[in-house]
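All values below come from the heavy atoms of this structure, side chains included, with hydrogens, waters and symmetry mates left out. Here is the naming used below: chain letters follow the sequence lines, and residue numbers restart at 1 for every chain. Everything quoted here is computed from the prediction, not taken from an experiment.
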Amino acid sequence: MPPRITAPRGARDLLPEQGEAWTRLEAIARDLSRRYAFDRLDTPLFERVELFARGLGETSDAVEKEMFRVSGAAGSEEERAEWALRPEPTAGIVRAFVEHGMHVRPGPLRVWMLGPMFRYDRPQAGRYRQFTQWDVEVLGDPGPMVDVELVELAHRFYALAGVRGVVAHLNSIGDAECRPRFRRALLDYFGSHEDRLTDDSRRRLRVNPLRVLDDRDLDADLAANAPRSLDHLCHACREHFSTVRSLLDAMGLAYRLDHRLVRGLDYYTRTTFEFFVAGREGQQQALGGGGRYDGLVELLGGRPTPGIGFGIGLDRVLLAGEEQGIPPAVSDPLIVVVSADPGAMVDRLRVASVLREAGLRVRPDGSTRRLGKQLESASKVGAHWAVIVGDELQRDAVVLRDLSTGHQEEVELAGLAEAIGSR
RNA sequence: GUGGCCUUAGCUCAACUGGCAGAGCAUCGGAUUGUGGCUCCGAAGGUUACGGGUUCAAGCCCCGUAGGCCACCCCA
């Protein structure tokens with residue numbers, strides 16, 4: 001026997017029994033996208049490495065150590081890995097925005113996307129090399145109203161998905177004008193305490209001082225006394241953030257200020273947020289996150305255009321739901337068409353066809369087993385109804401049996417779908 | 001990328017000190033040719049994750065690899 005081939009590390013199969021739950025989550029995402037007036041925009045699963053390097057920042061973890069690289073066919077010009085599977089959606093969407101000159105479209109562009117993202121890190125529960133994200137982006141809207149609209153949208157998604165106790169962590173990390181000052185303050189502060197930093201943080205201090213705040217090994221007092229971005233915001237950023245906060249309050253949306261929330265990707269400016277189940281913040285289980293990126297379009301060669309968006313990890317939402325004991329998703333009632341006559345294949349197909357025409361969910365039993373076996377099998381696959389095709393067909397009728405009660409009666413074919421639908 | 005724990009049938013797990021690889025559930029068939037869920041009988045299902053080593057003998061001991069999980073790291 002040849003060696004067995006298994007799924008790639010960190011990638012999973014979606015099994016039939018999980019399908020309904022995924023379909024339900026995706027349906028919520030699609031419906032909310034529609035209700036909040038976002039239009040669908042899909043970009044390729046892979047892009048040039050250069051796009052992510054420029055967009056997310058050379059020193060971001062996503063680029064520095066998690067890039068899932070792909071190359072062209074052996075012998076092709078692209079045999080060297082020049083592409084990478086997308087680690088996040090924003091860079092690709094902004095690339096498309098610039099490439100297709102979408103800045104000339106009327107009004108801010110509001111788009112959504114749903115699909116797999118890839119990061120080459122070490123898998124763990126809730127952390128996969130391929131994971132699915134629902135993403136929304138708004139380009140050309142400086143806010144601050146839209147900032148709050150997005151936080152509200154995310155909250156609504158979690159509520160509909162049935163995850164309770166989701167809390168938004170919020171921060172503002174300034175813009176091109178004030179961020180350099182904040183950066184310098186961090187450099188001065190951590191530079192004078194360099195002996196108390198981990199090796200990793202010392203390295204970060206040189207390449208990206210903001211991310212020292214991400215270090216969870218940071219001594220408590222060192223962290224508590226560290227410069228806060230909110231204290232270094234320029235006037236415009238301070239105004240922006242203050243309006244965001246008052247709008248959140250007015251909308252009754254709870255949030256927690258998190259001074260250490262700086263986000264791992266360099267493109268963020270001003271408002272940043274991450275969503276957690278309250279009390280589980282420490283366990284690397286962010287359910288979603290996002291923020292404003294007012295400089296990214298320009299960075300990728302477009303005209304200066306503000307942007308904001310978020311991504312929600314559906315895998316983790318599903319996990320959180322399971323942990324909270326959310327009842328499993330149920331599918332539509334199933335009807336199985338059975339017959340004692342092995343030759344009645346056409347009859348079974350025709351009856352099934354009639355029911356499907358009426359929108360019902362039907363699987364005909366194609367076997368030649370005894371009727372009892374067919375009914376048993378129907379029960380086991382979870383059918384609610386059995387339609388028994390037999391001699392009654394000469395009178396244009398079949399027997400409709402309720403598999404949960406055992407009650408059955410002869411029903412005219414013409415009224416069968418209605419008879420099922422009315423119960 | 002670092003450290004730790006784990007891997008036996010589709011699933012959950014047994015297998016004494018290194019001595020014939022098993023059970024329950026699930027699947028399929030029969031008892032029962034137009035009436036299921038219960039019961040009884042039977043079948044099928046394994047390179048014990050993979051590769052090597054020690055041994056008369058390895059699921060068990062040793063080494064390596066892969067995968068899963070946990071803690072880091074980071075994020076969704």
If you measure only the distance, is there a donor-acceptor pair under 3.5 Å linking the side chains of [X] and [Y]?
{"X": "A/His240", "Y": "A/Asp175", "answer": "no"}
{"X": "A/Asp341", "Y": "A/Ser339", "answer": "no"}
{"X": "A/Tyr255", "Y": "A/Arg245", "answer": "yes"}

(request) Go through the steps for A/Tyr36 and A/Trp112 under the test ring pair (Phe, Tyr, Trp, His ring centres under 6.0 Å), then give the verdict. (result) CA-CA 10 Å; A/Tyr36 282 72; A/Trp112 67 277; over 10 Å; no

Considering only atom [atom1], compute the distance from [N] to [M] and round it to an integer number of Å.
{"N": "B/rC60", "M": "B/rA49", "atom1": "C1'", "result": "16 Å"}
{"N": "B/rC38", "M": "B/rU48", "atom1": "C1'", "result": "36 Å"}
{"N": "B/rA9", "M": "B/rC28", "atom1": "C1'", "result": "15 Å"}
{"N": "B/rG18", "M": "B/rG29", "atom1": "P", "result": "44 Å"}
{"N": "B/rG19", "M": "B/rG24", "atom1": "C1'", "result": "26 Å"}
{"N": "B/rU17", "M": "B/rU12", "atom1": "P", "result": "26 Å"}
{"N": "B/rG68", "M": "B/rG30", "atom1": "C1'", "result": "40 Å"}

Both distances below 3.5 Å, Watson-Crick or wobble geometry, any strand: find the nucleotide opposite [N].
{"N": "B/rA23", "answer": "B/rU12"}
{"N": "B/rU47", "answer": "none"}
{"N": "B/rC73", "answer": "none"}
{"N": "B/rC28", "answer": "B/rG42"}

For [N], does the base pair up with any side-chain atom of [X] as donor and acceptor (N or O, under 3.5 Å, distance only)?
{"X": "A/Gln408", "N": "B/rU35", "answer": "yes"}
{"X": "A/Ser379", "N": "B/rG37", "answer": "no"}
{"X": "A/Arg127", "N": "B/rC70", "answer": "no"}
{"X": "A/Arg9", "N": "B/rG68", "answer": "no"}
{"X": "A/Arg369", "N": "B/rG30", "answer": "no"}
{"X": "A/Gln374", "N": "B/rG34", "answer": "no"}

Using the side-chain heavy atoms of [X], tell me which of these nucleotides is nearest: [options].
{"X": "A/Ala125", "options": "B/rG68, B/rU35, B/rC70", "value": "B/rC70"}
{"X": "A/Lys373", "options": "B/rA76, B/rU35, B/rG29", "value": "B/rG29"}
{"X": "A/Ala340", "options": "B/rG1, B/rA76, B/rG34", "value": "B/rG34"}
{"X": "A/Arg119", "options": "B/rG36, B/rG68, B/rA76", "value": "B/rA76"}

(message) For A/Asp391 and A/Asp315, find the nucleotide of RNA chain B closest to each by heavy atoms; which residue's nucleotide sits nearer the 5' end?
(response) A/Asp391

(request) Nearest-nucleotide wise, let me know which of A/Gln133 and A/Leu375 is further upstream toward the 5' end of RNA chain B. (result)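 Between the two, 5'-proximity favours A/Leu375.
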
(request) Could you label the plane-to-plane angle of the A/Trp134 and A/Phe310 rings as parallel, tilted or perpendicular, counting under 30° as parallel and over 60° as perpendicular? (result) perpendicular

(request) Name the orientation class of the two ring planes belonging to A/Phe182 and A/His232 (parallel below 30°, tilted from 30 to 60°, perpendicular beyond 60°). (result)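 Aromatic pair A/Phe182/A/His232 classed tilted.
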
(message) For B/rA31 and A/Arg370 - does any side-chain N or O of the residue sit under 4.0 Å from the phosphate oxygens OP1/OP2?
(response) yes

(request) Using a cut-off of strictly less than 4.0 Å, decide whether A/Lys380 has a side-chain nitrogen or oxygen near OP1 or OP2 of B/rU27. (result) yes

(request) With heavy atoms under 4.0 Å as the rule, sort A/Gly290 into base, sugar-phosphate or nothing. (result)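 The residue A/Gly290 makes no contact with any strand.
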
(message) Without decimals, in angstroms, what is the distance between A/Ile312 CD1 and B/rC75 P?
(response) 18 Å

(message) Whole angstroms only, please: what is the CD-P distance between A/Glu376 and B/rU33?
(response)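 Going from A/Glu376 (CD) to B/rU33 (P), I get 14 Å.
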
(request) May I ask you to check whether A/Phe275 and A/Phe273 place their ring centers less than 6.0 Å from one another? (result)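 Yes.
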
